[in-house]
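Right, one structure below, let's go through it.
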Amino acid sequence: MTRDDAEELAVEQALALVGGRNQTGGRADDQARGRANDQARDRPDDQARDRADDRTGDQAGDQMPHNQNPGEPADPHPTPYATPASPASPSPPDSPAPALPWDRARAVAARAGRGGPLAVVRLPLDRALGHVLAEPLAALTDLPSFDTSAMDGWAVAGPGPWTYEEGVSLLAGFGESPPARLPDGTAVRIATGARTPADTTAVIRSEHAHVDEARGLLSTRRPVVTGQDIRPRGQECRSGDQLVPAGTVVTPAVLGLAAAAGYDALPAVPRPRVDVLVLGDELLAAGLPHDGLIRDALGPMLGPWLRALGAEVSGPRRLGDDAEALREALTSSDADLIVTTGGTASGPVDHVHPVLAALGAELLVDGVTVRPGHPMLMARLAPDGPHLVGLPGNPLAAVSGLLTLAEPLLAGLAGRPAQDAYRALVHADVPGHPHDTRLVPVVHRAGRAGGRDHVAPLRYNGPAMLRGIAGADGLAVVPAGGVRSGTEVEILDLPWAPATPWTEGCFT
């Protein structure tokens with residue numbers, strides 16, 4: 001299988017599915033590594049659950065750009081860490097600032113994705129699936145381009161009964177010129193999709209017609225309405241009409257519409273190219289966890305998830321806890337976006353901040369007031385270079401970072417419209433963090449006995465857990481302090497959210 005074939009297969013599979021630092025060193029919850037940053041604790045008023053899960057707490061190092069005031073969005077052109085004379089012994093800025101609120105962090109990511117002009121390529125129809133239209137799709141012809149029969153039956157002219165000629169039929173696709181005019185009082189057999197003769201009054205369905213072969217007459221069992229079962233020219237669109245706007249994702253239905261409207265290729269935005277770098281010496285690529293080592297859950301998950309968001313993703317690279325390997329991977333990448341997992345906190349082997357400082361990167365987001373996922377970050381490696389999204393290493397915290405920063409950034413890079421925000425009722429009280437937004441996996445439920453549709457929160461929603469998100473079709477955005485049952489909350493849909501609500505299962 002060629003790379004192009006594999007890419008298209010991945011997109012089809014993705015469509016068929018149809019989306020203070022609080023993690024331990026940005027990685028799995030119980031990494032028995034004894035690192036110094038594991039000794040810090042959350043604020044004393046945080047919930048006991050957060051104290052257990054968020055061991056790196058709110059360490060210094062959650063910085064915003066120096067020129068940003070608390071409560072303001074991150075500057076799209078912030079000051080870099082520094083441009084050191086050599087990459088040795090880099091250090092982050094000396095003046096830590098508060099992490100960004102969750103909604104502002106998403107706005108910064110969306111703005112960064114829209115920061116430059118979109119490239120345009122013309123792709124043949126068989127390669128355009130999953131791409132985004134770079135231009136509005138206008139019809140190249142009337143649809144249909146001539147009057148056609150909508151049913152198998154009889155084309156008739158004038159009032160009946162009608163005479164007909166035995167053995168004469170009009171078939172779809174036959175005849176280089178329009179059929180002869182149909183005189184009043186006559187009929188001719190016609191197939192679905194065939195061009196109707198001039199002066200045709202209506203088409204009578206075969207099941208509604210009565211044929212008297214002895215007299216050579218056709219009659220109907222039902223009243224005839226002028227124009228019935230005829231698709232007139234231009235019924236669906238006229239040449240030049242806009243069929244779908246720019247920014248539309250090319251689905252199988254869009255491909256069919258484009259072909260019907262006369263297209264052989266489509267103007268599309270190239271998919272953003274993404275490299276995934278998995279950090280951490282404690283991660284196993286196969287087998288059971290043992291001797292303090294744990295399985296890498298993010299490497300297998302991120303590629304398909306990013307493809308579902310419209311990206312072209314390389315296979316994950318496992319770098320361990322090696323600052324020089326990370327630096328080399330960042331400087332040699334030709335991707336539009338680099339996603340790292342783990343290493344975003346400030347422990348002795350958390351190398352993301354120091355390496356970004358050594359490279360003179362612009363730090364656009366450094367910490368978000370959201371749980372899980374507080375120590376996520378976003379940077380620009382060069383003025384015209386790739387972006388980097390640093391995800392915490394705890395699996396659900398990484399999902400939080402993916403939807404907070406990577407999803408809106410990729411939408412901008414791919415020319416997709418931002419996800420429409422909407423609200424839904426939540427059934428059950430949902431505890432909140434005392435200060436930060438919480439993202440909680442939920443599943444949609446149909447209302448019973450005339451009740452409204454709603455979402456139900458799922459269990460297993462700790463930062464290191466994936467069991468809850470595996471059963472979810474969205475994330476509820478829970479404000480600080482939590483919400484009561486019956487309250488409306490903002491919902492982030494996952495890319496493969498089902499069209500119908502799930503049934504009750506083992507995740508609730």
Side-chain angles (χ1 to χ4, degrees), residues 12 122-129 133 135-245 248 250-267:
E12 291 181 26
R122 294 195 67 82
L123 296 176
L125 296 186
D126 61 358
R127 294 191 57 212
L129 183 68
L133 290 176
E135 302 167 4
L137 198 66
L140 302 180
T141 182
D142 296 344
L143 284 182
S145 54
F146 45 80
D147 294 350
T148 65
S149 175
M151 293 288 172
D152 292 334
W154 297 83
V156 300
W162 303 271
T163 61
Y164 67 92
E165 186 178 347
E166 187 66 39
V168 177
S169 298
L170 300 177
L171 304 177
F174 284 82
E176 297 181 359
S177 58
R181 174 181 172 276
L182 195 61
D184 275 0
T186 62
V188 63
R189 281 191 178 274
I190 194 167
T192 301
R195 184 183 301 194
T196 57
D199 296 336
T200 297
T201 300
V203 169
I204 298 173
R205 303 183 187 191
S206 296
E207 60 268 27
H208 299 162
H210 174 72
V211 178
D212 185 340
E213 295 182 356
R215 300 172 60 194
L217 291 177
L218 172 76
S219 58
T220 180
R221 299 184 175 92
R222 297 190 179 187
V224 175
V225 178
T226 300
Q228 71 181 32
D229 289 327
I230 295 175
R231 290 190 66 207
R233 177 174 181 166
Q235 181 187 52
E236 187 168 1
C237 66
R238 289 291 185 180
S239 180
D241 286 352
Q242 179 176 308
L243 301 176
V244 289
T248 298
V250 178
T251 63
V254 171
L255 289 176
L257 177 61
Y263 284 87
D264 299 316
L266 295 177

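Note that these values count all heavy atoms, side chains included, but never hydrogens, waters or copies made by symmetry.
- Listed for the Thr192 side chain is a donor-acceptor partner under 3.5 Å among the backbone atoms of Asp152.
- How far OH of Tyr164 is from OG of Ser169: 11.0 Å, rounded to the nearest 0.5 Å.
- With hydrogens and angles disregarded, a donor-acceptor distance shorter than 3.5 Å links the side chain of Asp142 to the backbone of Ser239.
- Under the 4.5 Å side-chain criterion, counting only non-hydrogen atoms from C-beta, Pro197 is not in contact with Arg181.
- Rounded to the nearest 0.5 angstrom, Arg195 CZ and Ser145 OG are separated by 7.0 Å.
- Taking all atoms of both residues into account, the shortest heavy-atom contact from Leu218 to Ala187 is CD2-CB, 3.6 Å.
- When the shell of 6.0 Å around CD of Gln235 is examined, it contains more than 12 heavy atoms from other residues, nucleotides or ligands.
- Of all heavy-atom pairs spanning Ala128 and Val250, the tightest one is O-CB, 3.4 Å.
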Item to check | side-chain contact (heavy atoms from CB on, under 4.5 Å) evaluation trace for Val188 with Leu182 | outcome: CA-CA 8 Å; Val188 63; Leu182 195 61; 4.1 Å; yes
Checklist entry - Given the rule in the side-chain contact (heavy atoms from CB on, under 4.5 Å) test, do Gln228 and Thr201 qualify, once you have shown the distances and angles that lead to the verdict? => result CA-CA 8 Å; Gln228 71 181 32; Thr201 300; over 6 Å; no
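- Atom OG1 of Thr186 and atom CG of Asp199 lie 9.5 Å apart (nearest 0.5 Å).
- To the nearest 0.5 Å, the span separating CG on Asp126 from CG on Asp264 amounts to 10.5 Å.
- Taking CD1 of Ile230 as the start and OG1 of Thr200 as the end, the distance is 5.5 Å to the nearest 0.5 Å.
- Of all heavy-atom pairs spanning Val203 and Met151, the tightest one is CG1-O, 4.1 Å.
- Closest of all the heavy-atom pairs between Ala191 and Ala172 is CB-N, 4.4 Å.
- In this structure, Asp212 places its CG atom where more than 12 heavy-atom neighbours from other residues, nucleotides or ligands lie under 6.0 Å away.
- How far CZ of Arg127 is from CG of Leu266: 12.0 Å, rounded to the nearest 0.5 Å.
- Applying the 6.0 Å contact sphere to CZ of Arg222 captures no more than 12 heavy atoms from other residues, nucleotides or ligands.
- Counting only distance, with no hydrogens or angles, the side chain of Tyr263 and the backbone of Ala138 share a donor-acceptor pair below 3.5 Å.
- Listed here is the closest heavy atom pair of Gly153 and Ser206: CA-OG, 3.3 Å.
- A donor-acceptor pair under 3.5 Å is formed between the side chain of Asp147 and the backbone N or O of Arg233.
- The two residues Ala202 and Val224 make their nearest non-hydrogen contact at CB-CG1, 3.7 Å.
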